[in-house]
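Accompanying notes for the structure given below.
Keep in mind it's a predicted model, so treat the numbers as computed, not measured. Whatever order the structure lists them in is the order used to number ligands and atoms, beginning at 1.
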Amino acid sequence: MTRPKIVAGNWKMNKTAEEAKALTADVINLSRAELKGKAKLILCVPFPFLMQTRAQTDGSAVGVGAQNCSEHDSGAYTGEVSATMLKSAGIPYVILGHSERRQYFGENGPLLAKKVDKVLATGLTPIFCCGEPLEIREKGTHETLVKEQVQQSLFHLSADDLKKVIIAYEPVWAIGTGKTASSQQAQEMHAVIRKHIAGKYGDAVAQSIPILYGGSVKPDNAKELFACQDVDGGLVGGASLKARDFIDIAKGAE
Ligand code: PEP
């Protein structure tokens, strides 16, 4: 089965409003001029820039996403943003469970299951992140941990709902470190995740789900990573902050 290729940028907590506007404009212009439109591009930008980025990308093929949202619907949760708010602002995608959310904000499997439910119930597409820290990789228990992460937050879903999820495998030791998983390591883990999904939901469902790789994806390694059978594109942090690099990475998915 041919799955769509997706290249999503995770800007994290970077850029001012003006810089965000310029970066978005550059991504739109370069993608129009240089890409064939075979890969879906998504910009996951900080909350304050969502509306301006959406307005800028209207009428282009570039999608917009948030980097997190609340597990609650509304109410006295100062500082939080709900899936309903994102929906009403016209934002179709949201990253959930990024390793920085797990590490610095205590997000865990059961909490993320609630967030996934809210996002799906609202009609948005979650980009659900999983991946092992260095010590787990060194112990050799990475497959078990990643399967557990997927199971804890996604395996309560119906097959129809699971099919709406984008998964991102992001080994924590490769995020922002310049250390990329080899294409063989990435392929191995993507196959493990897909097989795990097939075990519960069947092969057709597992084959339909995009699994992105994240962790120091750069223009010079993107093509090889994205060529792997079970790697359906990338979630890109640092390199998504430069339009030139982001577009060159996207070329690797075409
Ligand atoms: C990320 O933050 O999702 C990420 C993969 O970061 P980087 O590309 O900088 O490693």
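In terms of N/O distances under 3.5 Å, ligand 1 is not approached by E100. At under 3.5 Å, a nitrogen or oxygen of G176, whether backbone or side chain, sits near a nitrogen or oxygen of ligand 1. Considering backbone and side-chain N/O atoms, H98 comes within less than 3.5 Å of an N/O atom of ligand 1.
Listed by first and then second residue, the ring-ring contact (aromatic ring centres under 6.0 Å, His included) pairs involving residues 96-115 amount to none (not counting sequence neighbours).
When non-hydrogen atoms are compared, ligand 1 lies under 4.0 Å from the side chain of N10 (C-beta onward) but not from its backbone. Only backbone heavy atoms of A174 (N, CA, C or O) come within less than 4.0 Å of ligand 1; its side chain stays farther off.
A salt bridge does not link D117 with K114: every distance from a Lys NZ or Arg NE/NH1/NH2 to an Asp or Glu carboxylate oxygen is 4.0 Å or more. Taking 4.0 Å as the cut-off between side-chain N and carboxylate O, E34 and R244 count as a salt-bridged pair.
Each of E80, K115, E100 was checked for a side chain to side chain donor-acceptor pair (under 3.5 Å) with N68, and the lone residue meeting it is K115.
Ring centers of Y213 and F226: at least 6.0 Å apart, outside the cut-off.
D26 meets the salt bridge (charged side-chain N to carboxylate O under 4.0 Å, His left out) test with no other residue; sequence neighbours excluded.
Within ligand 1, counting atoms from 1 as listed, the ones closer than 4.0 Å to a heavy atom of G215 are 5 (C), 10 (O). For ligand 1 and G238, the ligand atoms under 4.0 Å from any heavy atom of the residue are 7 (P), 8 (O), 9 (O). Within ligand 1, counting atoms from 1 as listed, the ones closer than 4.0 Å to a heavy atom of E170 are 1 (C), 3 (O), 4 (C), 5 (C).
Which of G237, G214, A239 comes nearest to atom 8 (O) of ligand 1 through a heavy atom is settled by distance: it is G237.
Rounding to the nearest 0.5 Å places NZ of K118 at 9.0 Å from CD of E71.
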